[in-house]
Every structure is written in C-alpha cells, then in structure tokens.
Amino acid sequence: MATKCIDYNFQEIEPHWQSFWEQNRSFRADNASSKPKYYVLDMFPYPSGAGLHIGHPEGYTATDIIARYKRAKGFNVLHPIGWDAFGLPAEQHAVKTGTHPATNTAANIVNFKRQIKALGFSYDWERELATTDSQYYRWTQWIFLQLFAKGLAYVDERPVWWCPELRTVLANEEVIDGKSEVGGFPVERRNLRQWVLRITAYAERLLADLKDVDWPDSTKRMQEAWIGRSEGAEILFQLENTALGALKIFTTRPDTLFGCTYMVLAPEHPLTDALTTTEQKADLASYRKKSAGKSDLERTDLAKDKSGVFSGAYAINPVNGQRVPIWIADYVLMGYGTGAIMAVPAHDERDHEFAIKYALPIVQVIASGAGEPPLPYVGDGKLINSPGYDGMAWPDAKKTITADLAARGVGKPTVNYKLRDWLFSRQRYWGEPFPIVWVNAADYATAKRAPGNTLPESPVTFIKDGVAHYALPVPASALPLHLPDVQSYLPSGTGESPLANVTEWLEIWFNVATGAAVPATHVRPLGDQWVHARRETNTMPQWAGSCWYYLRFTDPAADQALASPEALRYWGVPDLYVGGAEHAVLHLLYARFWHKVLFDLGVVPQSEPFTKLFHQGIILGEDGEKMSKSRGNVVSPDTIIQSHGTDTLRLYLMFLGPLDAMKPWNPNGIEGVHRFLQKVWRECVGREGEVNAKIADTVTDSTELIKLLHETIKKVGDDIEGLRFNTAISQMMIFTNALQKAPHVSRRTMQTFLQLLAPFAPHLGEELWGRLGGAPGAATIMNVPWPQFDAATLHSSEVKLVFQVNGKHRGDQMVAVGLSEADALATAHAHPRVAPHLEGKTIKRIVYVPGKILNLVVE
RNA sequence: GCCCGGGUGGCGAAAUGGCAGACGCUUCUGACUUAAAAUCAGAUUUCCGAAAGGAAGUGCCGGUUCGAGUCCGGUCCCGGGCACCA
C-alpha cells in the first residue's frame, strides 16, 4: 500500500513504510527455519548523551544493505541491535548532576532508539538488549564465575592512575599531560588491588587461530603484534652478594650474552630494595618517585631521554664470569618478561643510548659482513669476541648458547609474550558487580569442603594489614547480583569504588550454599552455612558486557543459560561483523578470549566468535578534521533526515567512498544523491502521481538496455557481497541515466531495477514497488527473490582493442572477439591514428592480449 | 617511539599489471521560463595549439616490466591504535 503523495515526499513515505514494517514484524528472525541462516552484526553502540553520531549510520547502513540483500537471496537473517550501556560518561554525568546513571542511560537509549528507527534499519527489535539490564549482566557475572572456577581470574596489586587531590582513580583518558582532566591536578601511578584475567594462558591459541578468520590483514597483524610472541631465553645471573640468590632475565638475543656490559631492573622489581647499597638508596627513592608519574608509553619511547640510577650491586655473567653492574631504569617494564634485562649496548638501540649517557662500556659481539658497522648494530652477522662461539651465525649461536646454559642449569629457552594479563576491575559504580565475597581462611576451608563447590584449585587471596582474605563466589543460582543504590557516585576516597560506602550491602552474613545475604548488623541467621563476608567493591570494565552480547542475541530471553544450546547451534556466530577499526585489538581480543573459554566449557560449538570482520572508516567533518563538539563540525543524522530523508542519507553515506576509508563530509554530495533518487522517482511516477506513462507491460526493451540491466544486476550483487557499496551505487546511476534516455521501458525492467535499489533506499523501493503494482503474493518488495542475471545477455561479439606503440595509447577500435594476432596487427596498420606512429619504424616486439591490447615495440 | 593504514583533477572518488580520472559534486555555457528554481543538453587535470592534434601527469627518488596509480626498495607527509574512552 503505497502512499498517495504526488511528489517524492520522503517525509510522508519514510514513516509510512517504517510503521508498515513494524506492524508486519517484517524483520523478525525465527529461531526455527528451513532457510539457511545469515547472522549480520553491528558493533552495538554506547548510548552517549550526545545522541547518534553520523559514523554510526555509516556502518549500520552497510550491514542493513547486507541484511536486506541476504533476505532477498533466501536467507533467514538475524540482524539485531542493543546497547553497550555501562561506561564512564554516564558515571561522570552522575557525579556532576547526582542523577542515577540508570536514569541517564535509559533516557539516552530512548533517544538513540528514536534516531536509529528513523533510519529504517531492518533490526529485529524483539531481540533488543542492554548490558546494564540485570537479566543480561546476570550472565556476564555467570561467565566471570566460570573464569574464576577455572583459575583464570586472580587478584593482584596493579598500578593505576591516582589523583591525590581528587582522591580518586582516573582512567587513562582522564589524565592529560600528567594532570587530571578535571581540575588539572597532578597524578601518580599507585598500586591497588585489582582483578586480573589470565588472558596470557590463551596467548598461543589467540595467535594461532587468527589464521582461520576472514579479517582485514591489518587487524590480524595488529593482534599478532599485540600478543607479541617472541622466542628467547630466561637466563640466571648469579648476584655478587650470593645471599640474594640469582637474577632472572629474559632476552630474545642470548647470542649477544658476551656483549652484556650492565643489567637493568624495572624500578618496581622486587629485588631492587635488597640490592641497592646504602649510599644509593636516596637516589633510588627519588628516581622511583619520578618514574611513578610516567606511563609505559613515555617510559619506553625510543625518542625520549633514558634515565636510571646505579644500584651499587653487581651480577656475574654466566658465560664469562664477568662482573656486571646492575642499574635501575624505567625503560624496563615490570610487566614484560621478568622485569629485568641484560643490556647489550652494541646491539640494542635503547641500551646503546643508555650506555652512552652513563659512560658504560660497549662491547661488539656481532660482526656485519662488511667492515665496521656503526653501533648499535642490529643487523645480521656472525659472532665475535665470544670465546667458543666466534664465527657462528647469530641464529645458530642463539640456540647453541641457550642449550649450553640449560645444560648448566642457568638458563632455558622460553617463549615470551608482550600480551599482559587483562586488568579487569574498576573502582567505579556503573559496572557489573563482581559475584564475589571475601571471607577468612577458616570459613573458606568450610566452603571448600562443601560438595559440589565451584572453587578454583588454588584459592584467590589477598593480604591486608597482615590478614588474609579469601575470595568466595556467589553461587550461580543467586545471580544476578544487583548493583545497589548509592548515596554518592564519587569514589570512596580510599581508592575503593562508591560501593564501599554501602555498608548494608557490603558487610554481610553470607550463606555459602545459597548465596543469600543478610546485613552484618543483623543477628547472624541460624545454620552453619552462614559466614561473615565482605562483598567485592570493584566493578567490571565496560568490555565485560561487549565480550559476549553476540551470543545473547541468538536467544535474548533465555533464563536457564546465556542462550539455549539450540539457539547457539542454529545461529552460531555472526557471519559478518562490522565496526570501527579502533576496536581492532582490545574488544576483539577480549571477546575472542571469552569465546574460547566458553568453547572449552562446551557452551559454544565453535572456537572463534567473528569469522568475518570489516571495519568502516571514519567520517570527518566538512573541514577534513575529526568531528567534535569543540570544532563545531558535527553533523547530526536527524538534520539530514529532516531535510533530505533517510534514503538519501543512507545512499549518501554509502556513495561517499569505500566503506573502510576515512572520508570528509560534503553537503553538496547529499544534493547529488538526492537528485538521483528524485530521478528514479520521476522515471516511475508521472506529474499527477500516476505511474509514468513510459512504463508499459507491452514494451520490449532495447538490447542495450537489457544488457546494461544485467550488467547492473551482476555488479550490484557482486559489490554488495564485497561491501563495495559506492561502486554499486555508481552502476545504478549509470543505469538510471540510460533509463532516462529510453523512450519506453518495460514494467519488468523497472521492477528489477527497484529490487536492486531497495536494500540501499528501502523506503523508496517499497513505495515505487507498490505503485508499479507489486507482484503476485508480494505486498512488499522484500519478499521478492533477488533478480538473477542472464550471462547470455552479457556476451558480446565485439570488444574494444586498444593499440599501444611503445606502451603509449595511440588508438582503439571495436574488433571481433577472438581476432588473430595477424589480423590485429593489420588493423593497427590500417588505423588512421596508429599508422603514423608505425611509419618507417621496425617492429621489434609484439605484445598481444586478445580482446584487450596490442602493444607494438618499435625502433 | 612502536604497531597499522593512507597520499590520484577544484572536491568525494573509479580503475583483474593493459585507454588514468567511470559515477557524483563544483564551476561555466546553452535550452526551457516574463523571471527564478527545478529539469534537460554540453564543457570542466595541466601545458602547447585557432583547430586537428601533441606533450606531461596518480606525494617524492629509484627499480622490475613490452606496459606501473597498481609490484619491489627507499623517502617525505597525513591519519588511526597503544592495554582504565568506547
């Protein structure tokens, strides 16, 4: 049922079809279907207060085109949307205004939903979800319990940004040039008790399985680099003060061991205090203070000045017994390797710079093939100054020296990863509470004895003021553990989250078997299952909810599992996942990790979550700069929908350039695609709103038009599959230009074209389809099978042959397909534009590519 | 700094190693109109030329090839990520 409007009145047409789809539940995905399934997923948005950014509809339009196209191709399509709704901005807003983050988040979701609906995306809204919904985070907490039970979650002291003035932990983003974003106060690195997930246990698989996924190469390479596998050796250096034992270092270059002239410990290394001689203590203390204010990025920057202090202590080089001074410098990180290195200034840039600065000796042990290389030399070569190994190629020496050290028990080959365990807790309010309580040793022992407990092999503990606290999980049956209301959203001031102030919730009598809780101020309930406990006050980071939402979409109402096994088996994982490249590492790596854990548990049937991945590019402002409020170059989708309509916006976003490119916004381009849609309208609809008189059932289209139609069917189909929407649109424009020139056109041809256009401009597609009379049994264009192209019509008997002389284009001519080389040559000689360039010349070489090119190399 | 991208007309771009600039925008000219808008037709890389035509041209330097925007080496510039922004 098309509208009655006379002109292309998108303000009437678009809402009309949107309510049609909604009433008919047109995009409902059925969990039981005989059709093949296709699951296409967008990275779900964080519902910020600013509303939808123009970058959102870019990626969402791309997946919507795919979803609509796949439906027309006969697939049962799952195309869901939801809200990644925990996060820092809602919390900051709450701190500022006192509004509950849930209230603020709900309002933002309403706004986002309105905007997304106005864009006409074919989402199955019956599967909408939000990570902040307790029925959702119940399962986020459940997954955490599995990680905990498997020993993949532990507690450790980790450095975080701390602002003494604000008495709060700050996110990296809230620290600008070493000052707090709010107030500009100094900040420092401070150790706090944190939950950490053992992602490193999966490093090898996360690396190896990258070969199985269809992802952009750049993203795979970034993940590879992030995991950062390197083979080397752990080597023990005996300390001169034998009472302190040995120093364990990691190196990727054991072959350069004879060039080690000093050693470096990270300032956080546990041995530093014991090592440092009395006269060096003061230096160390002040140095530590300085480096505490630096990020890892600043510490390891090759361009930054290196600094360090001498500890006063020495170690013994295991290969030659030499005394090696031990330095403490922050260019070595505690989080990588063993937090200690052997420095080889002749063959490492940072070591070299450091050695020059502090006048430490430099010994070359790798010779380049030719002459004296400038130091540091990091290239290929053979060993020198290494008694017993001289002349050996360095990769061989690496193996041999490592083996020799291993034989003596002072070293072993090791694989090391840059990947560090995942810091998984935040000292914030607006996140999933950990389903964990802390109890004393005796109560933990009681719980451990209980049959069917889900405790890890070794207990997770921390010690505070000499007392050990043991982590006890809240039983899965007691989930969700609700986020309690708080008086203030400001952190407690001690580094703990605002939850630490909710005494009633925090200090409890805890039932070990059921997970029930009673405030500790009440009388202890009867029964020996009740123990005194303190709840975990940390919350989970935003990543938690986004690590598994794609699974929940398959069965969003499931209450016995995160999704039913049947749904997980039917829908599997997304066939296509589209989102920004800014997620290339973190989100995608974390989700892969969780998925593999769930795979190992038998919850999901496949080991990788995202088989095919694509990144949409960023849309810049009109000025070519990143869109931002402060620059005043932000474009809102609402404005464009008002002025030109959703179909125009969708088409424009896709026409702008390749989906993965970064592209500036151009208001003139909007007019261009709008004109194109107007032109399509005029080809279908006459002045009074009637069907255009040039369209008729009795018309036979010209061979050229039919050929072009089939070329267009092929190109649009191929381009959608390849996510090349810009060139698909060009082809449709070319076809429309041809339509315009044709005096008559068959209804059939026009309808076929509308089918091609419909995934891009669905409202206009439906409207014009309806006006042309639809087709039997197809009130909506979406129910019509995608057109097939006829290869026979694409075949032609003539092709254009290009003539080149010495590689330069000199002319071209239509020739018969399969023309012989001799005939091609004769044609070239006869060609008025080519012949002059051949006159009086000797042809030295003929390159003939039939149907393409004839290149004549002449003297 | 490290990792990952990208540099093609006035602009967004297109081009299985084979006609560089499709398609769209912009600007200009013309038609229609009393006029304007809309629409339609044409032109729109640079240089030489009245034209026909010719030459140069895909950030820069070099290489491979009959032929390079495309492949290789180097270099400059711009952008994204860097573990608590999402």
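Note that the structure is a prediction, hence the values are computed from the model and not measured.
In this entry the distance linking CH2 of A/Trp543 with P of B/rC85 reads 8 Å, nearest Å. Computed from coordinates, the A/Arg229 CZ to B/rC3 P distance equals 19 Å when rounded to whole Å. Between the P atom of B/rG67 and the CG atom of A/Leu854 lies a distance of 15 Å, rounded to the nearest Å. Distance CG (A/Asn668) to P (B/rU44): 21 Å, rounded to an integer number of Å. We find that NE2 of A/His837 is positioned 17 Å from C1' of B/rC66, with the value rounded to whole Å. Regarding A/Asp719, its CG atom lies at a distance of 13 Å from the C1' atom of B/rA22, rounded to whole Å. The nearest whole Å value for the distance from the NE2 atom in A/His644 to the P atom in B/rA38 is 12 Å. In this structure, A/Ile227 places its CD1 atom 14 Å from P of B/rC4, rounding to the nearest Å.
Using a 4.0 Å heavy-atom cutoff across all strands shown, A/Asp660 reaches no nucleic acid atom at all. In this structure, A/Arg158 reaches neither bases nor backbone, as no heavy-atom distance under 4.0 Å exists between it and the strands shown. Residue-level contact check: A/Leu88 touches the backbone only, with heavy atoms under 4.0 Å from sugar-phosphate atoms and none from bases. Looking at heavy-atom distances under 4.0 Å, A/Ser425 makes contact with a base. Residue contacts shown for A/Asp217 are absent, as no nucleic acid heavy atom lies under 4.0 Å away. Looking at heavy-atom distances under 4.0 Å, A/Glu91 makes no contact with the nucleic acid at all.
Close to B/rC66, at under 4.0 Å from its OP1 or OP2, lies a side-chain N or O of A/Arg845. Distances shown here put a side-chain N or O of A/Lys741 below 4.0 Å from the OP1 or OP2 atom of B/rA41. At the phosphate of B/rC40, OP1 or OP2 sits under 4.0 Å from a side-chain N or O atom of A/Gln740. An OP1 or OP2 oxygen of B/rG81 is reached within less than 4.0 angstrom by no side-chain nitrogen or oxygen of A/His587. At the phosphate of B/rC85, neither OP1 nor OP2 sits under 4.0 Å from any side-chain N or O atom of A/Arg428.
A/Tyr417 has its side chain out of reach of A/Thr200: every pair of non-hydrogen atoms, C-beta onward, lies at least 4.5 Å apart. Contact of the A/Gln740 side chain with the A/Asn737 side chain is registered, since non-hydrogen atoms from C-beta on lie closer than 4.5 Å. The shortest side-chain heavy-atom distance between A/Tyr46 and A/Phe112 does not fall under the 4.5 Å cut-off. Residues A/Ile199 and A/Phe424 fail the side-chain proximity criterion, which asks for heavy atoms closer than 4.5 Å. Using a 4.5 Å heavy-atom cutoff, the side chains of A/Tyr577 and A/His615 are not in contact.
Under the 6.0 Å distance and 45° angle rule, A/Arg592 does not count as a cation-pi partner of A/Trp543. For the pair A/Arg189 and A/Trp161, the distance from NZ or CZ to the six-membered ring centre is under 6.0 Å and the angle to the ring normal is within 45 degrees.
Annotation: B/rC19 and B/rC25 have their P atoms spaced 26 Å apart (nearest Å). Nucleotides B/rG7 and B/rA55 are separated by 29 Å at their P atoms, to the nearest Å. Rounded to whole Å, the separation between the P atoms of B/rC76 and B/rG21 comes to 33 Å. Going from the C1' atom of B/rU46 to that of B/rU58 covers 13 Å, rounded to whole Å. Only the C1' atoms considered, B/rG67 is 16 Å distant from B/rU16, to the nearest whole Å. B/rC40 and B/rC23 have their P atoms separated by 15 Å, given to the nearest Å. One C1' atom belongs to B/rG62, the other to B/rA68, and the distance between them is 14 Å to the nearest Å. Straight-line distance between the P atoms of B/rU39 and B/rU70: roughly 39 Å, to the nearest whole Å.
B/rG17 is unpaired under the criterion used here, namely a Watson-Crick or G-U wobble arrangement in which both key atom distances are under 3.5 Å. Summarising the base pairing, B/rC40 is matched to B/rG30 through a Watson-Crick or G-U wobble pair whose two defining distances lie under 3.5 Å. Remark: B/rU45 base-pairs with B/rA56; criterion is Watson-Crick or G-U wobble with both hydrogen-bond distances under 3.5 Å. With a 3.5 Å ceiling on both atom-pair distances, the Watson-Crick or G-U wobble partner of B/rG1 is B/rC82.
Here the shortest heavy-atom pairing between A/Ala728 and A/Val716 reads O-CG2, 3.9 Å. Considering every non-hydrogen atom in both A/Gln223 and A/Leu589, the closest pair reads OE1-CD1, 3.3 Å.
Between A/Leu423 and A/Ala581, the one whose closest nucleotide on RNA chain B sits nearer the 5' end is A/Ala581. The residue among A/Met733 and A/Val585 whose nearest nucleotide of RNA chain B is located toward the 5' end is A/Met733.
With B/rG80, B/rC84, B/rC23 as the choices, the nucleotide that has an atom nearest any side-chain atom of A/Asn737 turns out to be B/rC23. Looking at the side chain of A/Leu419, the nearest of the listed nucleotides B/rA83, B/rA86, B/rU39 is B/rA83. Closest to the A/Arg833 side chain, of the nucleotides B/rC40, B/rA83, B/rG53, is B/rG53. In this structure, the nucleotide among B/rA22, B/rG80, B/rC84 sitting nearest to the side chain of A/Arg426 is B/rC84. Here the nucleotide nearest the side chain of A/Val169, chosen from B/rA86, B/rA83, B/rC84, is B/rC84.
Ring planes of A/Tyr549 and A/Phe44: parallel class, angle under 30° (limits at 30 and 60°).
The base of B/rC84 sits with one of its N or O atoms less than 3.5 Å from a complementary donor or acceptor on the side chain of A/Gln427.
With its glycosidic angle within 90° of 0, B/rG9 adopts the syn conformation.
Residues from residues 673-685 of chain A lying near RNA chain B, meaning a heavy-atom separation below 4.0 Å, are A/Arg675, A/Lys679, A/Arg682 in numerical order.
Using modelled atom types, one finds no donor on one side chain facing an acceptor on the other under 3.5 Å when comparing A/Gln731 with A/Asp719. A donor-acceptor pair shorter than 3.5 Å cannot be found between the side chains of A/Tyr652 and A/Asp647. Between the side chains of A/Asp421 and A/Tyr154, at least one donor-acceptor pair of N or O atoms lies under 3.5 Å.
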Problem set entry | Per-nucleotide protein contact string for nucleotides 7-20 of chain B (B base, S sugar-phosphate only, - none; heavy atom under 4.0 Å) | -----BSS-B-BB-

